[in-house]
There are 2 protein chains.
Amino acid sequence: MADLKYKQIQNFLKEQIQKGIYHTGDFLPSENDLCEQFKITRTTARKAFDELSKEGFIEKLHGKGSRVRERRKSLGLLTVKGFSEAVGGNVQTEMIKEPVLVKSCPHEFLHNKGEQHLTDCIFFERLRKVGDLPVMIEKNWFSESALKGFTQTEFVDGSFFKTLSRNYRIEITGSEHELRAEFADATTAALLKIREGSPVLHISIKFSTSNPELVIYSELYCNTSRYPVGNSYFI
Amino acid sequence: MADLKYKQIQNFLKEQIQKGIYHTGDFLPSENDLCEQFKITRTTARKAFDELSKEGFIEKLHGKGSRVRERRKSLGLLTVKGFSEAVGGNVQTEMIKEPVLVKSCPHEFLHNKGEQHLTDCIFFERLRKVGDLPVMIEKNWFSESALKGFTQTEFVDGSFFKTLSRNYRIEITGSEHELRAEFADATTAALLKIREGSPVLHISIKFSTSNPELVIYSELYCNTSRYPVGNSYFI
DNA sequence: TAGTGGTCTAGACCACGGT
DNA sequence: CCGTGGTCTAGACCACTAG
């Protein structure tokens, strides 16, 4: 796959961005520069840039150049508002259950209609906080076979998806969500430090990735009273 | 804009699909066919197909052809599960307030941070039901200037977005959401026929469209107990 | 005016799916 | 085998941005 020229350029530039050689707002070399550097034609260079644009790493500005995006363009990911914005370091992630191998994904999972159940999957659970305020409980399951040795992996910047991207070069390619407003049960309420019976936003997600073997199932429970859940999408 | 060759092909094919000349699952003419028909090169034909693919109208199958997708690929739109699936005709939309010209968008609107307020905008409100069960209240605002004469327009298949696409050739290009789990207030509860204080999912949306003048603001209130809200996204 | 990305031509060869 | 979409070359001209 990596013998494709445009993929090579695409991955080369993606690495430069991820390594921080190009920062947010920086302009990448022009398409013509890359043509010279890699001895390719405009068409191929453009294809690489187009892909990076589709993946949300850059935005192309007619007449100016291609600029590294401030945040990766949304992938339809739902994010708690304040998490990405709050760069001040007041966002904390508390690991409730370190990644462990479990025998199965909870069968009540909403997206498991007609799909084979996961066996031998990795599970981990985290609590997201803004300052001292718990905002979201996050439970994740995914097949162990796809990410061998993950339980020994250190998270990159505390981010699961960044870890996938940088350490495994796996990108999220799709997601399905189900959203429900529910009364918080006792354990959820305790973790979120809210009263039992308060409304919580329950989000069930199935993520597809660039590795067909890796599908990620997540269950989120959010206290949206102070920090609503946000989501943005651009073509 | 329509003098661009690839745009012409793109719109031509889109019309054929929308008119039902090509049905879901049908294969469009091959890229080479279109090259002959329109006297263009592969590059241009491919660009048209690529755009249609990005917009979710078709999927390209290597070695086989380009097939009309069953449903438009998700645009990050949140949809009530059962609405798109329920083809049996048990989905009903009740207009609570017909489109009317109002003086302003409610200023408490969540996405109005730092943006100029809308004046002279169209407002309409609908209640979505599955069978007899009210599931979602939907309130919409958008600038009147962008869609002159909209108050006289008949909805295509009862769908606002289909109407935009077919009658105005405007596509949704992006959206921002804010989601909250809340207690239903009295009026919301009454419309949704649930008890006051039940949890409802409150979604605030700002839609961007292919017409820079047209921005749509929506407020949704959903009873998710029976029909959760769904959302899917694919690169 | 120089440099950027956007559109387009006229080819070529490859990888995949079905006959 | 043929037709499909996927990659790629080597050019050209246009539209936009900025000094």
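Naming: A, B, ... by sequence-line order, numbering from 1 per chain.
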Nearest-Å distance, [atom1] ([X]) to [atom2] ([N])?
X: R67(B); N: dT4(D); atom1: CZ; atom2: P; value: 16 Å
X: E31(A); N: dA15(D); atom1: CD; atom2: C1'; value: 14 Å
X: Y6(B); N: dC14(D); atom1: OH; atom2: C1'; value: 14 Å

*When we call it a touch if two heavy atoms are under 4.0 Å apart, what does T41(B) touch: a base, just sugar-phosphate, or nothing?*
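Touches a base.
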
*Would you classify F49(A) as touching base, sugar-phosphate or nothing, given that sugar-phosphate means primed atoms plus P, OP1 and OP2, and contacts are heavy atoms under 4.0 Å?*
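If one applies the 4.0 Å heavy-atom cut-off, F49(A) turns out to touch nothing in the nucleic acid.
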
*asked:* Over 60° means perpendicular and under 30° means parallel, so tell me whether F150(B) and F142(B) are parallel, tilted or perpendicular.
replied: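 F150(B) and F142(B): perpendicular rings.
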
*Report yes or no: do T43(A) and Y6(A) form a side-chain donor-acceptor pair below 3.5 Å?*
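Not at all, the side chains of T43(A) and Y6(A) share no donor-acceptor pair under 3.5 Å.
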
_Spatial distance of atom CZ (R180(A)) from atom OG1 (T224(B)) [nearest 0.5 Å]_ =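 Taking CZ in R180(A) and OG1 in T224(B), the distance rounds to 7.0 Å.
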
*Would you check if the side chain of S30(A) reaches a backbone N or O of D33(A) as a donor-acceptor pair within less than 3.5 Å?*
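Yes, S30(A) side chain to D33(A) backbone: donor-acceptor pair under 3.5 Å.
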
*So, does D26(B) use its side chain to make a donor-acceptor pair with the main chain of H23(B) at under 3.5 Å?*
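Looks like yes, one N/O pair under 3.5 Å.
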
*Looking at F207(A) versus F160(A), is the centre-to-centre ring distance below 6.0 Å?*
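No, they do not, as the ring centres are separated by 6.0 Å or more.
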
*If you walk 5' to 3' along DNA chain C, what is the first nucleotide with an atom under 4.0 Å of a heavy atom in chain B, and what is the last?*
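Both ends considered, the range comes out as dT7(C) to dG18(C).
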
_Involving DNA chain D, stems made of at least three consecutive Watson-Crick or G-U pairs, both distances under 3.5 Å_ =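 Listed by first number, the stems are C:1-18 with D:1-18.
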
*asked:* I'd like to know if E178(B) pairs up with K206(B) as an ion pair, taking the criterion as any Lys NZ or Arg NE/NH1/NH2 lying under 4.0 Å from an Asp or Glu carboxylate oxygen.
replied: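 Looking at K206(B) together with E178(B), the answer is no, because their closest N to O distance does not fall below 4.0 Å.
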
*Nearest-nucleotide wise, let me know which of T43(A) and R42(B) is further upstream toward the 5' end of DNA chain C.*
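Result: T43(A).
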
*asked:* My understanding is that only residues two or more places apart in sequence, or in another chain, count here; which of them pass side chain to side chain contact (heavy atoms under 4.5 Å, CB included) with F27(B)?
replied: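 Once residues adjacent in sequence are excluded, the partners of F27(B) under the side chain to side chain contact (heavy atoms under 4.5 Å, CB included) criterion are L61(B), K64(B), R67(B).
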
